[in-house]
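Let me begin by presenting the structure, written as structure tokens, before commenting on it.
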Amino acid sequence: MKYLKYSYLLVAGALALTSCKKQLDQQPTDLIAEANAFLTFDHVQQGTNGAYGAYGAYANDMYVSALLSDEAKLGAGNAGQGALQYRYQFSSDATTGGVVTAAYNAYYSMIDQINRVLPNISTVTARPEQEARREIVRAQLLALRGIAHFGLLQAYSKNYNPADPLGVPVMLVSDPLAKPARNTMGEVMAQIEKDLADAKAILPAVTAATFTDTTINRINLAAFQARIALYKGDYDNAVTFATEVIGSGIKPLVSGANFSGIWTDANSNETLFRVRYLTSTAIGGLWTTTGGVIYIAPSDKLTASYDPATDIRYTAYIGTTSGGDRYLNKFYNSSRGGRVVDMKVCRISEMYLLRAEANARKASPNLTAASADLNAVRAARITGYVNETLTTVNDAVTAILNERFKELAFEGFRFFDLKRNNLPVSRNASDASPDWQTLPAGNFRFVMPIPNSEINANPNTVQNEGY
């Protein structure tokens, strides 16, 4: 399998500092033997930190979902950034498909990092105060591995069908020379669910005092389980997991300035899991440069979905320049600098809308519960909101998907929501020319191409249809 290899980069500096001159004279200075890469629990922790950092791969999901859906349009300063993807002119080659294939290498790099660390957790030396953390770290890595495999499955396979042979390769050991075939979607899902369940069985209970949104714990792990269950069509479990998160009360819905402050990192309200960026513009810079050049802008369709007079999301999510050009305000600024903002991977409002959709889609729909969750999100965002009662499953699903469009814009959901519901991308005429205004439901471009580099290096893999 061709993917980037972290090769213990994070622990190299620590080991180099402890190497004596004689060792440096005898061994290549640019190589760390595998047996010596993890000697202490500190090295394991550094390797684990690297796995968390590698989950920056989710930024690609956010970017691709925006470019390929109806929530974005090419910005006033766009000079080709994401344009081929926006126009559905991408393929599996690096030149046209670099954006849509990037997550494949990124997620497998993350998985490889995890698989390098896991075998060393129980063997390295540790200080007495670190002993209790061995299993906690193991659980976090298992969860991250399951989450990474899910990111791959969602992007590079069709809608969930356990018998579909074109899932993605499941990687449970580090083997850069491996040439794995694609597992069935059912096999991939079974491993994802096992990794998450095994992790959850290890992790301790969480309270408001012990919860953190920058590492995996039982509550945000349940949120990922809910997300995966919804994708799978396991609506009963989606309700169960989402209820576990909401019922904890650890991250309630907020409104007003408490909500707007989420997007400037003034607070971490509603945030269940995020990737922290102290100086990086990895998220904010996708849409607008630090100099204010707008590459990717909110679509007219998205902008028109908010009432600017009553819906706080309008100003929290969308900004307007003095010249009248709109930009994404959602990841625009923090006290650390322009475009230096954290990546919000999972928020409590997703759980409310996820539970609403699952309750509406269950074999025995619960439209009362679905209405309550939808109304809770809207009431937190819209001044003077009057509750709505959902009376049919179709009306409920339509209303909930529309609310996800508005609430979760540019957070990595819209394109995959349309895909899993077998709906087309339908852009406004003001957002796109007729040639790329619509992507029909079921079109092959709802499945990302496997990168040519992987196809060329691995004779056992199979390219997706259409590429």
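For the single chain, residues carry numbers from 1 onward in sequence order.
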Distance flag, aromatic centroids of Y156 and Y104, threshold under 6.0 Å: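 So the answer is yes for these two rings.
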Test of ring centre spacing under 6.0 Å for F413 and F405: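 They do not qualify: ring centres at least 6.0 Å apart.
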Ring-face cation contact, Y231 with R420, 6.0 Å cut, 45° max: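 No, a cation-pi geometry is absent between R420 and Y231.
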State whether a side-chain donor-acceptor pair under 3.5 Å links [X] with [Y].
X    : Y    : answer
S430 : D300 : yes
D195 : Q191 : yes
T303 : R326 : yes
R378 : Y385 : yes
D164 : N161 : no
Y107 : D61  : yes
S299 : R427 : no

Passing candidate, side-chain contact (heavy atoms from CB on, under 4.5 Å) with E357, options N421, D417, L374: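 Going through the options one by one, the only one that passes is N421.
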Basic-acidic side-chain contact under 4.0 Å: R138, E135: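 Salt bridge: yes.
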Charged N-O contact under 4.0 Å between K330 and E411: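 Judged by the 4.0 Å cut-off on N to carboxylate O distance, K330 and E411 do form a salt bridge.
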Single hit among Y332, Y63, Y317, Y295 for ring-ring contact (aromatic ring centres under 6.0 Å, His included) with W287: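 Only one of Y332, Y63, Y317, Y295 forms a ring-ring contact (aromatic ring centres under 6.0 Å, His included) with W287, namely Y63.
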Candidates T279, T264, D265 - the one meeting side chain to side chain donor-acceptor pair (under 3.5 Å) with R336: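 Result for side chain to side chain donor-acceptor pair (under 3.5 Å) with R336: D265.
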Mutual orientation of the aromatic rings belonging to Y55 and F273 [parallel < 30°, tilted 30-60°, perpendicular > 60°]: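 Taking F273 first and then Y55, their aromatic rings sit tilted (interplane angle of 30° to 60°).
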